[in-house]
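First comes the structure, then the notes that go with it.
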Amino acid sequence: MPLFNLSNVSKPKETNYDVAIIGAGPGGLASAIYAGRAGLKTIVFEKSTEGGQILLTDMIEDYPGFVSISGNALAENFLNHAKTFGANFTNEEIIEADLVSKIKRLKTDLGNEYTAKTVVIATGSNPRKLGVPGEEEFMNRGVSYCAVCDGSFFKDKRVVVIGGGDSAVEEGLYMTKIAKEVTLIHRRDKLRAQKIAQERAFKSKMKFILDSVVTEIGGSKSVEYVMIRNLKTNEMTKYPTDGVFIYVGLIPNTQIFKDQVKTDENGFILTDEHMETNLEGVYAVGDVRKTPLRQIVTAASDGAIAVIDMTKYFD
Amino acid sequence: MAALLSEEDRKYLVDLFEKELKGEVKILFFGSKRKEECEYCDLTEQILQELAETNNKITIETHDFDETDLVKKYNIEMVPAILMLDSEGNDMRIRYYGIPSGYEFSSLIEDVIATSKKGEVDLSASTVKKLEEIKSPLKLQVFVTPTCPYCPRAVLMAHKLAMKSPNIIGEMIEANEFPDLSMQYNVSSVPHIIINEGEGEFVGALPEDAFVEQIMSVVKGV
């Protein structure tokens, strides 16, 4: 990570565009690159920092062309690439959208209104909550969903990581560099993460409690323990810890669109093979879409397909 | 010492400021002669100096934490501290405690631009109206880490509100540099926003409406 990062300094802007891209993760930024190259007047809305979830990843090793690159550096490459081809960026959150009309209207949290002929929904997803007692109560006192953001508060302390997928294992590995003790708790008998990450985790100081779920997060002023139930034996254990990092899946950010675009039962947006939704000129790319794989490379690929298809509205 | 800003970033800032800066911006930096008490003072001062070199509308004034009169005038609580004055010397009521590095460097740049426009910021009409109801001093402390991509949004929101409302002070606090204060407010997940030293608090970079709502509930005492 560069010591001084300039990625989210926003630029002056107009309000009428050919393409409005909502979200600046890999899917949104790839769309912006292709839209710029297609000569479309493009704006990208990002509510926090351009890059999306890859900013939460310490190192990335599965994006072709980069054997190993920090999430931050890859995000910056994506962003600069999109800016080179002329995309505009603004740090505003879309709070209302009319996607049904021919000209799409988007309203932001700053009270600004934008129009666009086409829209790419690239809003990604948020960490799913575990849904156990204590999770809300200790939200700001030991419970976290972002190891890169909050890891430094647990220097030389004990943490547990809940989940068995790529995020859980990779963020757990990140925490082994900071915390005194890292224990990964997973409900199945084996991890789901990519093999290489698993092997590294097994070699690291990380401990594993498998076939087990956390049923409660407890403590007085801040987190002091989690209650763990072994699913095979039903045995309950009170496990001492100072922090709880939760990586148990994703919830798509489709709240403001879900009355207009079709989604599956979990809220992921349904598209055709060109990434177009049930609404003409409205596309969905990346993690927010119903898709068998959620990786940087697939999000970027979605963006390319969407924008190439979209050019049919500008012929 | 080697430059902190890359040549590419320096050029970017030269262009950006050339286009965006309207009036003069005076940045007041408070450090400490006792280096052991302020690990990041030197680095903070250096990045500000490099920033000032990108455009002649930006000037840096360096002070020490033991200059009691000035520290008192601006109510500086700890160091390193940064605040900004517009061309007429008006305090923008924004504070940075700790180094604005990582993602927070963007916040600093946005603040310099807003200060050059005498605190002209983009806020919705409904927010501006609500801010008029705030009649007594209100302090917003936004605890961040430099690696938190969500944090600049919360910092900028607090700073924008401070620039707009004469009663609000908006602070960024780099949590790692002030562990005792972070501990006092149980900061373990950022951004963590403390309103009036604990009268209210919330975690997360909320959209403008929800952010203002949190503040108003403290103001109205509900």
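Note that the structure is predicted; figures quoted are calculated from it, not measured. Heavy atoms only: backbone and side chains are in, while hydrogens, waters and symmetry mates are out.
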Tell me, for [X] versus chain A, whether the close heavy atoms (under 4.5 Å) come from the side chain, the backbone, both or neither.
{"X": "Val190(B)", "answer": "both"}
{"X": "Val187(B)", "answer": "both"}
{"X": "Ile109(B)", "answer": "side chain"}
{"X": "Pro179(B)", "answer": "neither"}
{"X": "Ile47(B)", "answer": "side chain"}
{"X": "Glu201(B)", "answer": "side chain"}

Is the shortest side-chain N to carboxylate O distance from [X] to [Y] below 4.0 Å?
{"X": "Glu77(B)", "Y": "Lys139(B)", "answer": "yes"}
{"X": "Glu61(B)", "Y": "Lys26(B)", "answer": "yes"}
{"X": "Arg153(B)", "Y": "Glu93(A)", "answer": "yes"}
{"X": "Glu133(B)", "Y": "Lys130(B)", "answer": "no"}
{"X": "Asp242(A)", "Y": "Lys180(A)", "answer": "no"}

Query raised in the report: Which word best sums up how the rings of Phe85(A) and His81(A) line up, parallel for under 30°, tilted for 30 to 60°, or perpendicular for over 60°?
Result: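 Ring orientation, 0 to 90° scale: tilted.
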Report task. Count the heavy atoms belonging to other residues, nucleotides or ligands that lie under 6.0 Å from NZ of Lys22(B), then report whether that count exceeds 12. Result ->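 Counting other residues, nucleotides and ligands, NZ of Lys22(B) exceeds 12 neighbours.
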Requested in this report: Sort Val143(A) into side chain, backbone, both or neither according to what part of it lies under 4.5 angstrom from a heavy atom of chain B.
Outcome: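 Contact with chain B: backbone only.
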Query - Proximal component of Phe154(A), with respect to chain B [non-hydrogen, under 4.5 Å] - result: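 For Phe154(A), side-chain heavy atoms alone lie under 4.5 Å from chain B.
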**Report entry** Max heavy-atom pair count under 4.5 Å with chain B, selected residue of Ile95(A), Leu56(A), Val223(A), Thr108(A)
**Finding:**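 Most heavy-atom pairs under 4.5 Å with chain B: Leu56(A).
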